[in-house]
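Starting from 1, each residue takes its place in the sequence as its number. This is a predicted model, so every value here is computed, not measured.
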Amino acid sequence: MATTWLAIRYAIKRQLVDMPGERRSHKVSTPRGGGIGIVVSVLLACFAVALLYPAAAVPAGVFAIGLMMVAGIGWWDDHRSLPALPRLLVHLLAAILLGLLVWMGSGSVIKALFCTLLAVSLINIWNFMDGINGLAVTQAILVAIGAAFLLPFPYALAGLVTAAACLGFLPFNFPRARVFMGDVGSGALGYVMAGLLSLGMSVTEVAIPVWLMLPAAFFIDAGFTLLTRIFNGERWMQPHTQHLYQRFVKREWSHSLVTGGYSLFTLCGITLAALFSRLSQGWEWAGGVIWVAATAVAWFFLRRQFFIKDES
């Protein structure tokens, strides 16, 4: 909370402000970069882990380096817009560090490669989905709490600490946004989410689809919107308002209502994930795959209602 408060004053002084526009979902100019408060909190937690659990000092340090890389390139982009390629390269390097940690922790090359791709995806997904008040941070809180439920002690503390860091930012961004997360926060938060899921895949036997149930709403909305834009030959790297949550806002649904709806959906996913994690591996895989598939079906149905009809 303290760092976010300072970030607001810094953004105003440096005129780091997002203005309303056709491709934005807010109507008033708002400072950006407040997500650095979450980054600082998580980095302090990594330092505390290194002190309290010396055996975890190296993994915590490597993760912190990856987080600083993602947050640093985001901080730079918040001050001076960067081309996509340098940002993607930094994201990929940070994701490789996370993949190496998974390889060290699990001994599985397949898991390591999967978590590397997962990190690159979630960094960008959280950036894409950070478009209305409270959405990105509330989803992060819920995913972190869900991870804490699935992780054994002391690893569960990682989820609780992440949720606490996000809660410190939440009052500044929801229900009224006094500051936006900025690329420094959204990309870094996606990396932290990837870290939590990768940790779970490394230290537990819970099936991968169960972990993917936690961020399913973001995965499906961001992923299928991106694929649709690519399929339609659109300039998919440009800012837009075609995500499902943005279509709801265009229909005059309030930010609070849309954020609340996504939260309820994710709470259902967390509850089911907790239940499936107590079953056999077969049921875990079946339950996780069915939930992700059901999320995709819901997305296609709602898109037909709130996108195609609007265009016609």
Show me the pairs that pass ring pair (Phe, Tyr, Trp, His ring centres under 6.0 Å) and involve residues 185-213, at least two apart or across chains. Phe63-Tyr191
Judged by atom type as modelled, is there a donor-acceptor pair below 3.5 Å linking the side chain of Arg278 to the main-chain atoms of Ala274? yes
Are Phe128 and Phe218 near enough that their ring centres are under 6.0 Å apart? no
Given side chain to side chain contact (heavy atoms under 4.5 Å, CB included), test Phe300 with Phe224 step by step and report yes or no. CA-CA 9 Å; Phe300 278 106; Phe224 278 93; 3.5 Å; yes
Apart from Leu51 itself, its cluster of hydrophobic side chains linked below 4.5 Å comprises Phe47
If you group Ile, Leu, Val, Met, Phe, Trp and Tyr whenever their side-chain heavy atoms sit less than 4.5 Å apart, what else falls in with Val102? none
Quick check: do Leu97 and Ile65 have side-chain heavy atoms less than 4.5 Å from each other? yes
Atom OG in Ser277, atom CG in Leu150: separation rounded to 0.5 Å? 5.0 Å
With the side chain counted from C-beta on, respond yes when Thr225 and Leu244 share a heavy-atom pair under 4.5 Å apart, and no when they do not. no
Leu113, CG atom: more than 12 neighbouring heavy atoms under 6.0 Å: yes
Please confirm whether the ring centroid of Trp253 lies under 6.0 Å from the ring centroid of Tyr245. no
Going by atom type alone, with no hydrogens or angles, which donor-acceptor pairs under 3.5 Å involve a side-chain atom of residues 161-175 and a protein atom two or more places apart or on another chain?
residue	atom	partner	partner atom	Å
Thr162	OG1	Ala158	O	2.8
Asn173	OD1	Gly134	N	2.8
Asn173	ND2	Val179	O	2.9

Hydrophobic cluster mates of Val40, side-chain heavy atoms under 4.5 angstrom, ILVMFWY only, any path? Tyr10, Leu16, Ile36, Leu44, Trp75, Val184
Tell me, do Arg87 and Val90 make a side-chain contact under 4.5 Å, heavy atoms counted? no
Verdict with supporting geometry, Val17 and Phe180, side chain to side chain contact (heavy atoms under 4.5 Å, CB included): CA-CA 9 Å; Val17 177; Phe180 292 150; over 6 Å; no
Quick one: side-chain hydrogen bond (donor to acceptor under 3.5 Å, both in side chains) pairs with a partner in residues 116-127, sequence neighbours left out? Asn127-Asp183, Asn127-Ser186
Is the shortest side-chain heavy-atom distance between Arg32 and Met181 below 4.5 Å? no
